[in-house]
Novice: 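Structure incoming, see below.
Since the structure is predicted, the reported quantities are computational estimates derived from the model, not experimental observations.
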Amino acid sequence: MRMGPLAIAATLVLAACADPSSTASDPDTGAVVEPTVRACPVAAGDPVPDGCIPYDPEALMASNERYKDRMPVSEEAFASFEREREQITRAIESLRADGALTPEAVKAVLVDAGMSEEGIGHAASYEDAEGLHFSGAGPAGGCVEGLVTASDLELDLLGPVMDGGCYALSGH
């Protein structure tokens with residue numbers, strides 16, 4: 001298996017995150033290895049705690065410039081989505097009108113429309129100050145994503161993100 005630069009960096013950071021008071025044995029020699037430092041998330045300009053190797057998690061994510069780029073979606077996936085769009089829209093609008101708009105209820109609408117309950121593209125939703133976000137793998141490909149606010153419903157079919165999922169939404 002070949003690891004990219006971000007995966008290698010994450011592996012090194014996680015390995016360095018071990019509790020400095022813990023010990024491990026070297027598999028080749030059996031010698032006890034005691035970590036002396038740990039990786040600590042530190043924003044630029046903040047002091048570095050003793051015993052830490054600082055890293056900036058935001059800078060690491062920003063350096064991975066392609067993970068949110070989208071792959072193309074087939075015409076078949078778009079056609080399938082368009083057949084489901086009206087059903088999804090009506091169901092979500094009905095939830096909003098009934099005062100029953102919850103992440104769980106929207107997830108049920110997505111599953112009823114043919115989106116998987118499990119796997120990389122599983123149906124999901126969450127609320128934040130902006131509104132209720134939802135996402136799921138389309139029945140024939142792509143990612144159905146949307147946002148419901150008090151006055152609007154956005155619903156789109158987008159390509160999966162470069163790391164293979166449907167979750168380029170903030171909060172996921």
Novice: Using every non-hydrogen atom in the two residues, find where S80 and A140 come nearest and quote the distance to one decimal.
Specialist: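 So the minimum-distance heavy-atom pair works out to CB-CB, 3.5 Å.
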Novice: Looking at side-chain heavy atoms only, is the closest gap between V161 and R70 below 4.5 Å?
Specialist: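 The answer is yes; the side chains approach within 4.5 Å.
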Novice: If I take atom NZ from residue K107 and atom CG from residue D112, how far apart are they, to the nearest 0.5 angstrom?
Specialist: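 With rounding to 0.5 Å, NZ (K107) is 12.0 Å from CG (D112).
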Novice: Looking at A77 and G142, what are the two nearest heavy atoms and their distance?
Specialist: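 Minimum heavy-atom contact is CB-N, 4.5 Å.
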Novice: Can you see which heavy atom on A100 is nearest to which on A105, and at what distance?
Specialist: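 Heavy-atom minimum between the residues: O-CB, 3.5 Å.
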Novice: Under 4.5 Å between side-chain heavy atoms, counting indirect links through other Ile/Leu/Val/Met/Phe/Trp/Tyr residues: same cluster for L132 and L155 or not?
Specialist: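 They do share one cluster, since a chain of ILVMFWY contacts under 4.5 Å joins L132 to L155.
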Novice: Test of understanding: clusters of I, L, V, M, F, W, Y form through side-chain heavy atoms closer than 4.5 Å, transitively. Do M162 and L157 belong to the same one?
Specialist: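 No, no single cluster joins them.
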Novice: Say you draw a straight line from CD1 of I92 to CG of L110; how long is it, rounded to the nearest 0.5 Å?
Specialist: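 Reported value, rounded in 0.5 Å steps: 6.0 Å.
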Novice: Grab the two heavy atoms, one from S125 and one from E104, that are nearest each other, plus how far apart they are.
Specialist: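 Result for this residue pair: OG-N, 4.3 Å.
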Novice: If you compare all heavy atoms of F81 against all heavy atoms of D156, which two are closest, and at what distance to 0.1 Å?
Specialist: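 That closest heavy-atom pairing would be CZ-C, 3.7 Å.
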Novice: Please check if atom CD in Q87 has more than 12 non-hydrogen atoms from other residues, nucleotides or ligands closer than 6.0 Å.
Specialist: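 Count over threshold, so yes.
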Novice: Decide whether V144 and L153 are clustered together by the hydrophobic rule: side chain heavy atoms of Ile, Leu, Val, Met, Phe, Trp, Tyr closer than 4.5 Å, transitively.
Specialist: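 Yes, because V144 and L153 connect within a single hydrophobic cluster, where side-chain heavy atoms sit under 4.5 Å apart.
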Novice: CG of D98 to CD of E93: how many Å apart, nearest 0.5 Å?
Specialist: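 Between D98 CG and E93 CD, I get 11.5 Å after rounding to 0.5 Å.
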Novice: Look up atom SG in C40 and atom CG in D56, then write down how far apart they are to the nearest 0.5 Å.
Specialist: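 One gets 13.0 Å once the value is rounded to the nearest 0.5 Å.
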Novice: Is it true that F78 and L158 fall in one hydrophobic cluster, defined by side-chain heavy atoms closer than 4.5 Å?
Specialist: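 Not linked; separate clusters.
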Novice: Given side chains that start at C-beta, do those of V73 and C143 come closer than 4.5 Å, heavy atoms only?
Specialist: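 V73 does not reach C143 side chain to side chain.
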Novice: Near E82 CD, under 6.0 Å, is it more than 12 heavy atoms from other residues, nucleotides or ligands?
Specialist: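 Correct, the count exceeds 12.
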Novice: Which pair of heavy atoms, one from V42 and one from P49, lies closest together, and at what distance?
Specialist: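 Nearest heavy atoms, V42 then P49: CG2-CD, 4.1 Å.
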Novice: Return yes when atom CG of D50 has more than 12 non-hydrogen atoms of other residues, nucleotides or ligands closer than 6.0 Å, and no otherwise.
Specialist: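 Check fails, neighbour count at 12 or below.
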